[in-house]
Amino acid sequence: MACPEGVGNRVTGLRDLTPPQKEAVTHVDGPLLVLAGPGSGKTRVITRRIAHLVQHGVNPWEVLAITFTNKAANEMAERVQELLPGMRVWVSTFHRFCARVLRQHASALGLQPNYTIFDMSDQRQLLRAVMSDLDISTTHFPPHKVGARISRLKNDLVLPEEYLQRHEEMVGNHYDAIVARVYPAYQQALLRANAVDFDDLLLHVVRLFDECPEIREQLDRRFRYVLVDEYQDTNLVQYMIVRGLCCNEQNLCVTGDPDQSIYGWRGARIKNILQFEEDFADTRLIRLEHNFRSTKEILKAADSLIQHNVKRLHKELFTENEEGAPVELLWFDDERTEADGIAQMMKQAVDSGDRTWSDFAICYRTNALSRAMERALARYSIPYQVASGVAFYDRAEIKDVLSYLRLLHNPNDVAAFQRVINNPLRGIGKTSQNRLIAAAREDNVNLLEICLRAKEIPRMAKRGVGAARKFASILLNLQDKFDGSIENLLQDLLGQTGYLDQWKYSDLEEDHERLANVEELLTAAAQFDRAYEEELEDNGEALDDAGPIQRFLESTSLASEVDSLESASGQVSLMTLHSAKGLEFPVVFVLGVEQNLLPHERALESGELKELEEERRLLFVGMTRAQKMLYLTRTSQREFRGRPLSTITSVFLNEMDLTITRENESTQSPAPDLEWKQLLEKTRKRRDDNDDESFPQPFKQFGLPKMMTGADLLNGTAGGKELPVGFAVGSRVRHPRMGTGTVLKVDGFGARRTVTVEFEDEDATEETFILSKCPLQPIG
DNA sequence: CAGGCCGTGCTTTTT
DNA sequence: GCACGGCCTG
C-alpha cells in the first residue's frame, strides 16, 4: 500500500512534485504559508493539497478554498473535480462565500434573505439620491468618487459611526466631511432597499462574526480546512473573515507572493502575508522558488529588479529552463515607431513560422497606451484582442430585464424600481417616481404596494396612477405564477411588459444586438434552471436553502465578464499589467517603461516608498509573464493627453542589466540618475521604519510644494490683481509635464491672466497658460 | 423630455 | 484625445 513517497494512489502520486511542493501538498494540520514565486506551480499545489486532504480522511464539506476572482475559482474547482470526481468541495470567491453566509443569517444583520446585491451603477444611483436628499452637490462631489471613498472605508473596516466620530476629531478636509455625512445615510438607504453593495457582503460577515460569536464558531468548526489563494491581495475585511474562520480550527493554508502584490491601491494589505507567521503560531513556511515558466535570462532580470524592493520576504528564484536570449530594451522615437516596430517583429516571427499570434502579449501600465498599438496592429492586419471589461451583465438591456426580476423578488429594491418603472415609457416621470418612493418610505410599505395605492398619494399625476397600478399588478401576478423556472418567468415578464417592443421592428444593428443579448440572457437562465434542478436531485434538499430567484440574481451580480480573454484563439493579447497577473505567454512586450508611466506619475507624486515599490512589483509581474522572450520598450517622445512630451528614463531600467537596442538614434534622453546608488543605500538603511516612509526627494518630480504654483500664488493675492512673483517675462518656470522653460509673455489680468512659456525641449515648444488654472511653478 | 454641446478631468480593477 | 456629466435648448 505505501509507496516510496509514503501515501498516494494513481490519481495523486507525488512523484511529479518537487520536494517543497510535496511538502506543501502533504501538510495536513496547522497553519501553512506557501510563498509561491511566479511560475512555481502554485495552483497545482493547492488543488493537489485539497485532494490529499480528502484522500486522507477529511470530509470534502470541511474544506473551503477561497479565491478572489470567479475565473480563479472556476479553474480551481475544475481541477479539484478532476482529482476528486463527484465530490463537492467548496471553492468560492470571497464575495460568493459571504453572499451565502449572509443569506443564511440575514436577519441577524437587519436584512431579509431576499436581499439584493447592488452593483456599481446601482450604488451610484443610490448615492446620487442620498446626496440630493442631503443637499450635497453631485457636481462638486461626483457620486462615483464618494462611492470609491466609502468603498475604501469599508475595505478598511471603518463603520459609518466610527468614521463620523473620527472625522469630528479631525479638522479641515472638506471631502472627508462630505463622506462622513453621506456614508451613514447611504447605509441606511441600502438597508431600506434590503440591499447590500459589494463591500457590504464582506463587511456584514465581519459584523456577523463580531455580533454573533456562536455563528462564527459554528462556521469555524464546520470549515476545518481553509485555503486562501493570493493572500497578498487580501484587504483588512477579508483578513478578518479568514481569521474568523480560523480561530478554533487553525488549519489555514495561504498561498501568495508578496512580490506580486499590486492591489494596494484598492486596500490590499501586503502586511497580511508578511505577518502571517506572527499571526499564527507554529506556521510551517514553504517557499516555492523553482520557476517552471521562464528562461534563466528572464528570471535573472526580473529578480534583479525585485531585489530593489525593501519590504519583502526574501526568495531565491531559480529555474532549470534554458538560458534563453537576454532581455532587451527596445528604444524607439515615439509611440508610433514603437507600435510599428513591435508589429513588424511579431509579423516576422509569425511569417517565418517560429510563432503564432497567440504567443504574444503586449502589456502596459495604462489603458491609454493601447491606442497607438491597436492602430499599428490594424495597419499590419494582425489579429488581436484587448482585455477590457465591458461586462455582459453591465449592458443596459440586460440590467433592465434583471431589474424587473429584482424588483419582483425584492419589492424594496429602489434601484431596480427606478430603472424599470418608466421603461418602456409609462408616463411616470422623475417627479412621480420620487413621489412614489417618498410615499412608500412614509407609509412603510414596499414599492409595489405603493404603486397599487398610488391614487392615495397627494398631487400624484393622474396618468401615473393607472400606469403604476398596472405595472405593479403585472409583477405581482408574475410572482404568483412563478413555477420555479427562471427562463419561463423571464419569458412571461418580457411578454407582459412589452419590454422588447421598442427594438423588435428596428433595422438598426445595435437594436438587433440588444435583442440577441436578451436572448443570451434567456439561455443563461435556462442553463441555470437545469443546474439548479440537478443540484436539487443530487442533494435531496438543496445544498442551499435560498430559492432559485435569489440564487440566479446572485450569480448574475457576482459574475463579471464572460471570460474576456480567450486563450489560444490565434490573436495577440493586449492588456494592462494588472490584468496580466496569473497569465503566461511565450513572448511578452512591456510598453512604455518610462518615468511617470512606469513608475506611474501618481506613485511618484505621492512620494511614498510603498507606492514606488508597488510600481516595481507591477513591472516584476509583467516581466515574469514571459516564457521565452521578454522585451521592454521605451520611447524618446510620447504623446500624453494630446501633447507630445519628452520622456525620462524609468528608474527601473537602471536596476536591471539589459541589452539596449536603439531603433533610431535620436534625441538623448536625460541622463540616468547618478545619485541612484546612494539613494538606494539610504533607502535600505530605512527599511525598518514604518509604513508611511517616503522615498528620497530627488525621486519626486516636483520638489516644490504645490502651494507655489502660479494658480495658488494668484489666488493668494488680493483679488489676483498683481502678477505673482516669479512670473515676470524672462523668469524661469517649471511645468509638471512640460518640464522647465522661460516666460516669454504675460497677458490679461486677474483670473484671465495668461503667461506664454518657451520650454526647453528640443523643439522649444511654446505654450500659453491661464495662470489661475495651470500648475506652473516659479523656479528660484 | 430628449438630444446636443461644452467643459472638465483624467491609473490600475474585482466583486 | 477622449469620455463623461451637466446644463441648456428645441
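Each chain gets a letter, A, B and so on, in the order its sequence line appears, and its residues count up from 1. Please read these numbers as outputs of a predicted model, since none were measured by experiment.
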_Donor on one side chain, acceptor on other, N194(A) and N114(A), under 3.5 Å_ = yes
*How do T93(A) and I262(A) order along DNA chain B: which one's closest nucleotide is nearer the 5' end?*
I262(A)
*Could you state the atom-to-atom distance from CG of D197(A) to C1' of dT14(B) in whole Å?*
13 Å
*Could you tell me whether R379(A) atom CZ has more than 12 heavy atoms of other residues or ligands within 6.0 Å of it?*
yes
*Kindly say if N70(A) contacts the phosphate of dT15(B), meaning a side-chain N or O under 4.0 Å from OP1 or OP2.*
yes
*Write down the distance between CZ (R602(A)) and P (dT11(B)), rounded to a whole number of angstrom.*
6 Å
_Pairwise P distance, dG5(C) and dT12(B) [rounded to whole Å]_ = 16 Å
*Let me know the distance between CZ of R266(A) and C1' of dT13(B), rounded to the nearest Å.*
5 Å
*Just jot down the side-chain contact (heavy atoms from CB on, under 4.5 Å) partners of R426(A), sequence neighbours excluded, or say none.*
Y404(A), N422(A), P424(A), I428(A), A467(A), F471(A), T497(A)
*Is R638(A) touching bases, backbone alone, or none of the nucleic acid, heavy atoms closer than 4.0 Å?*
nothing
*What integer distance in Å separates L604(A):CG from dT11(B):C1'?*
12 Å
*asked:* Ring centres within less than 5.5 Å and planes less than 30° apart: is that true of H95(A) and dT14(B) in this structure?
replied: no
*Check ring pair (Phe, Tyr, Trp, His ring centres under 6.0 Å) between Y384(A) and all other residues, then give those that pass, not counting sequence neighbours.*
none
*Counting side-chain heavy atoms from CB outward, which of dT14(B), dT15(B), dG1(C) is closest to E639(A)?*
dG1(C)
*Taking only the side-chain heavy atoms of L425(A) (C-beta and beyond), determine which of dT13(B), dA2(B), dT15(B) contains the nearest atom.*
dA2(B)
*Just checking K145(A): base, sugar-phosphate only, or nothing, at a heavy-atom cut-off of under 4.0 Å?*
sugar-phosphate
*Tell me: CG of D199(A) to P of dT14(B), nearest whole Å?*
15 Å
_Does either side chain, that of T649(A) or that of R634(A), offer a donor lying less than 3.5 Å from an acceptor on the other one?_
yes
Which atom pairs link the protein and nucleotides 4-7 of chain C when you take only N or O atoms and keep those under 3.5 Å?
from, atom 1, to, atom 2, distance (Å)
dG6(C), OP1, R128(A), NH1, 3.2

*Spacing between R426(A) atom CZ and dC1(B) atom P, to the nearest angstrom*: 15 Å
*Calculate the interatomic distance between Q123(A) atom CD and dT15(B) atom P; express it in whole Å.*
16 Å
_Under the side-chain contact (heavy atoms from CB on, under 4.5 Å) test, residues paired with V101(A) that sit two or more places apart_ = F97(A), H105(A), V205(A), L208(A), L219(A)
*Rounded to the nearest 0.5 Å, how far does OG of S403(A) lie from CG of D122(A)?*
6.5 Å
*asked:* Checking understanding here: a glycosidic angle within 90° of 0 is syn, the rest anti, so what is dT11(B)?
replied: syn
_Counterpart residues, salt bridge (charged side-chain N to carboxylate O under 4.0 Å, His left out), relative to D413(A) (two or more places apart)_ = R406(A)
Pick out the pairs of N or O atoms, protein on one side and nucleotides 4-6 of chain B on the other, that lie under 3.5 Å.
none

*Is the ring of W265(A) stacked on the base of dT12(B), with centres less than 5.5 Å apart and planes under 30° off?*
yes
*Which residues satisfy the salt bridge (charged side-chain N to carboxylate O under 4.0 Å, His left out) test with R336(A), sequence neighbours excluded?*
D340(A)
*Tell me what R371(A) touches on the nucleic acid: a base, only sugar-phosphate, or nothing, going by heavy atoms under 4.0 Å.*
sugar-phosphate
*asked:* For the P atoms, the ones on dC4(C) and on dT13(B), what distance do you get once it is rounded to whole angstrom?
replied: 15 Å
*Give one of base, sugar-phosphate or nothing for E615(A), where a contact means two heavy atoms less than 4.0 Å apart.*
base
_Contact under 4.0 Å: N155(A) side-chain N or O vs dT15(B) OP1/OP2_ = no
*Atom NE2 of H140(A) and atom P of dT8(B): how far apart are they, to the nearest Å?*
12 Å
*Can you tell which of dC10(B), dT14(B), dT13(B) lies closest to the side chain of S579(A)?*
dT13(B)
_Those residues that, when tested against F589(A), pass ring pair (Phe, Tyr, Trp, His ring centres under 6.0 Å) (two or more places apart)_ = Y631(A)
*Any residue meeting salt bridge (charged side-chain N to carboxylate O under 4.0 Å, His left out) with E335(A), in chain and number order, not counting sequence neighbours*: none
